Amino acid sequence: NAGVTQTPKFQVLKTGQSMTLQCAQDMNHEYMSWYRQDPGMGLRLIHYSVGAGITDQGEVPNGYNVSRSTTEDFPLRLLSAAPSQTSVYFCASSSGQMGQETQYFGPGTRLLVL
Amino acid sequence: DAKTTQPTSMDCAEGRAANLPCNHSTISGNEYVYWYRQIHSQGPQYIIHGLKNNETNEMASLIITEDRKSSTLILPHATLRDTAVYYCIVRVWTAGNMLTFGGGTRLMVKP
């Protein structure tokens with residue numbers, strides 16, 4: 001199993017540009033989520049999904065869109081990038097089953113918005 | 001979710017036990033204590049979790065006080081590879097278990 005994969009690893013954007021961060025998992029997990037981590041800070045939840053076709057907002061959803069058309073993929077879209085969105089973005093997945101609480105995180109995407 | 005308090009940083013000698021404390025005095029009866037760590041900008045890694053009883057796995061032990069207001073993560077024989085930021089998270093179990101990460105404790109294991 002590859003686990004949780006994220007692409008790209010690095011990205012530089014100009015203010016106002018849009019882009020999509022890709023996230024995929026091969027563990028057949030129902031639950032997926034996106035976090036951002038600013039320098040020296042903990043992770044903050046952006047959006048999450050409890051299954052294909054179902055998404056919801058987390059703590060800091062503004063400026064981001066998500067969709068979940070398949071179990072495997074959970075892309076994060078930046079609509080109009082702003083310097084405040086410079087951060088490291090982590091995708092995570094979990095089975096959602098009691099007793100299997102582990103969240104598996106991807107390696108992250110480092111985004112710089114100029 | 002209950003608020004947690006952790007020291008900002010700690011040092012530990014290689015080969016010794018690392019004891020990382022976490023205070024969660026407002027924890028409620030159905031909230032679990034989770035520990036994750038993040039090694040140098042990698043994605044966080046699950047370590048262990050517990051509700052009331054002490055727990056042990058291949059990575060660490062979790063000691064929860066009887067009143068559940070604090071806990072300690074123990075790495076029995078710390079290695080240089082254990083240098084990381086350790087997050088203590090307290091919350092009710094929910095399917096999918098999306099977590100709220102605070103500042104964590106930066107553990108430096110020294111030779």
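Every chain is numbered from 1, with letters handed out A, B, ... down the list of sequences. This one's a predicted model, so the numbers in the text were calculated from it and none came from an experiment.
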Transitive ILVMFWY side-chain link I63(B) to L73(B), under 4.5 Å: no

Within 6.0 angstrom of M41(A) CE, more than 12 heavy atoms from elsewhere: no

Per-residue contact mode, E30(A) against chain B (heavy atom under 4.5 angstrom): neither

Contact winner vs chain A - G103(B), G104(B), P44(B), G43(B), heavy-atom pairs under 4.5 Å: P44(B)

Smallest separation among heavy atoms of Q37(A) and Y87(B), with atom names: NE2-OH, 3.3 Å

R16(B) atom CZ: more than 12 heavy-atom contacts under 6.0 Å: no

Separation of I47(B) CD1 from T102(A) OG1 (nearest 0.5 Å): 11.0 Å

More than 12 heavy atoms from other groups under 6.0 Å of CZ on R106(B): no

Polar side-chain atom of Y35(A) near backbone of F101(B) as donor-acceptor pair, under 3.5 Å: no

Toward chain B, the part of L43(A) with a non-hydrogen atom under 4.5 Å: both

V88(A) reachable from Y104(A) in the ILVMFWY side-chain graph, under 4.5 Å edges: no

side-chain contact (heavy atoms from CB on, under 4.5 Å) assessment of Q103(A) paired with Y36(B): CA-CA 9 Å; Q103(A) 277 213 31; Y36(B) 279 74; 3.4 Å; yes

Same apolar cluster (I L V M F W Y, side chains within < 4.5 Å links), L107(B)/L80(B): yes

